[in-house]
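Both counts, for ligands and for their atoms, begin at 1 and track the order of listing.
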Amino acid sequence: MTRIFDEPATFADDALDGFTAANRRYVARVDGGVVRSTEMDEGQVALVIGGGSGHYPAFAGLVGQGLAAGSACGNMFASPAAGQVYRVARAANNGGGVLLSYGNYAGDVLHFDQAQLRLNAEGIETRTVVVTDDIASAPIDQLEKRRGIAGDLTVFKVAGAAAEAGLSLDEVERLAQKTNYRTRSLGVAFDGCTLPGAKEPLFTVEPGHMSLGLGIHGEPGISDHPMPTATELAELLVSTLLKDKPDDAGTRVVPIVNGLGTVKYDELFLLYGRIESLLTAEGLEIVEPECGELVTSLDMAGVSLTLLWLDEEIGTHWAAPADTPAFRKGNVAARAHRDVEQLAAAAEAPVEPPTAAAAALSSAAVTLLESVRAVVIEHEEELGRLDAVAGDGDHGIGMRRGVDAAAAAAAASAAADAGVDRVLVVAGEAWAEKAGGTSGALWGSGIIAVGHALGNRDAYTAAEAHAAAVAFQRAIVGLGKAEAGDKTMVDALLPYVEAYTSSHTGGASVTENLSNAAAAATTAADETAALSPRKGRARPLAEKSVGHADPGAISFALIAEAVARTYQELITTKENSHE
Ligand code: ADP
Ligand code: MG
């Protein structure tokens, strides 16, 4: 259990502040996480890692020379929001581009992808390598579905060393990908962990037993076993991992024995000794092993074994020096410290003040969002009922939380004299951060993309409005990867943009384009009733869903109609005021 805290709700942030205070030599605090406080070379690739808090030394403890340039730190066991990743990456960037790397969990993927879209749109070249080392989480022919656990360390270490050596973004990405492919882990748990302030553990393991392959947040394992001896445990871990070797594994291997929270170092060392003997007996050469706490899960009782199968270049980067709060190796050359205030300021996007005409457009954007809010509130219960048919019933409340936050953020931003781009970007960020759920991340990124597409101007042409609709579609499809017929909001969105495009190329006005597109979305949303879901939470209950429309498609169509109506009203008011 967690004994030391004031407010459970602010535990992660409070702990991160204290961590920074204790480690100023290595890190500086920025909004959303920490960045390295020591100077980097101009043009050096910035490795930005991150994930939920509660896994120390992952992730903030691995920021420093020779390793990560920054870490986005989410709440306890919760992905950082896209805005956090974005801000940390902006502060960490040194002109050489950004590599995002983190363990493969759905929430993290959504938020990091959204941050990547935004960074790229702003000209900060950004790539991603997701860590997938946990062999218990999917079979060997589905490597990309595996979760990331202690193998985070090998990928971060090799990518961080490559960045420190001045390699290009292409090369750092390639090495990170290869290291991920050559890293395999397997964990066992003896007991669960308890979140700060919680009365009950998040999950438990039957006393006297051990669960093989149990995830670091309690995701179900492969099998339960009576508690083995250390030798039996070593044999189980080694033999299972050796069956899951990558192609061209070679004979040089880095074993990493990782404690998950409450297993003592003496026990870890004992287990390591057994493991090393078994690997040596297989004719393998042991290279620079690690044994200790590297990726933990609060007070979870458990251990994992990671094997990194070296080749020459990975071996070089694994051996390179590093100096971070929790991981030190060799001797790094001392570097000067950066200006902490400047770093914090770099995290924020630069803001251009709008002209009077542009400010009038920001207030129109706020009016449009208010109308979206009104229609979501009007249909909140109906959307919840529709989502309860085969989903989890939260679509109405999720959309409501998102749009409430978005409308409030947009109004505040417009009042502070921001242009349309800024108003929509903060609205999208607020939507994604507050809504939760799949639709929250998708709507957030869609609105942010519209903000970027429109920019901060005095007026927009019909072609620019059309480009914004296309950007919305790209963001949603790019992030959610749903295809036509999967029974998602995309089944209303694709017909929307198609109708918009043909109306626009036919020379119609923006008002007509919006209303033609909305009509197409409404028809298409109703037609999703006939489909069977292939994406999202409704998939496992596919049969129940047939005969009912997709909630996300319906809410999209309702919003499209509201936007078309409100736009028409705005134009009419404007025309009248000119008379
Ligand atoms: P959650 O599914 O996380 O509970 P919501 O209930 O708010 O989120 O939203 C559900 C809607 O999200 C679905 O009806 C569907 O339209 C949409 N959705 C789910 N997955 C995807 C995806 N991959 N791409 C596009 N839309 C999706
Ligand atoms: Mg739902």
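For T501 and E498, the side-chain atoms include no donor-acceptor pair closer than 3.5 Å.
When hydrogens are left out, the protein atom nearest atom 13 (C) of ligand 1 is D550 OD1, 3.5 Å; that is the closest non-hydrogen contact. For atom 24 (N) of ligand 1, the closest non-hydrogen atom on the protein side is A482 CB, 3.4 Å. Looking only at protein heavy atoms, the nearest one to atom 12 (O) of ligand 1 is S439 CB, 4.1 Å. Scanning the protein for heavy atoms near atom 8 (O) of ligand 1, the closest one is T438 N, 3.4 Å. Of the protein's non-hydrogen atoms, G480 O, 2.9 Å is the one closest to atom 23 (N) of ligand 1.
Below 4.0 Å from some heavy atom of D387 lie the following atoms of ligand 1, by number and element: 6 (O). Taking a cut-off of under 4.0 Å to the non-hydrogen atoms of G437, the atoms of ligand 1 that pass are 3 (O).
By the 30° and 60° cut-offs, the orientation of the rings of W443 relative to F556 is tilted. Using a 30° and 60° split on the angle between ring planes, H55 and F77 fall in the parallel class, below 30°.
A donor-acceptor pair under 3.5 Å links the side-chain atoms of Q84 to the main chain of A81, judged by distance alone. Side chain of S503 to main chain of N516: no donor-acceptor pair is present (N/O by atom type, distance under 3.5 Å, no hydrogens or angles).
Residues G393 and D387 come closest through the heavy atom pair N-OD2, 3.1 Å.
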Take T522 and E561 through the side-chain hydrogen bond (donor to acceptor under 3.5 Å, both in side chains) test and state the conclusion after the steps.
CA-CA 8 Å; T522 301; E561 298 281 7; 2.5 Å; yes

Test side-chain hydrogen bond (donor to acceptor under 3.5 Å, both in side chains) applied to S185 and D134, step by step
CA-CA 5 Å; S185 303; D134 182 1; over 6 Å; no

Criterion salt bridge (Lys or Arg N to Asp or Glu O under 4.0 Å) on R146 and D133, from CA distance to verdict:
CA-CA 6 Å; R146 289 179 168 178; D133 58 311; over 6 Å; no

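With the Mg ion (ligand 2) as vertex, D394 OD1 and D387 OD2 subtend 90°, rounded to 10°.
An N or O contact shorter than 3.5 Å is missing between L442 and ligand 1 by distance.
Between atom 11 (C) of ligand 1 and the options G402, G552, S545, the minimum heavy-atom separation is to G552. Nearest-heavy-atom check against atom 5 (P) of ligand 1 across E483, K487, H395 picks out H395.
Within D392, the N, O or S atom at minimum distance from the Mg ion (ligand 2) carries the name OD1.
Ligand 1 has no atom lying under 4.0 Å from any heavy atom of G391. For G398, the heavy-atom gap to ligand 1 stays at 4.0 angstrom or more.
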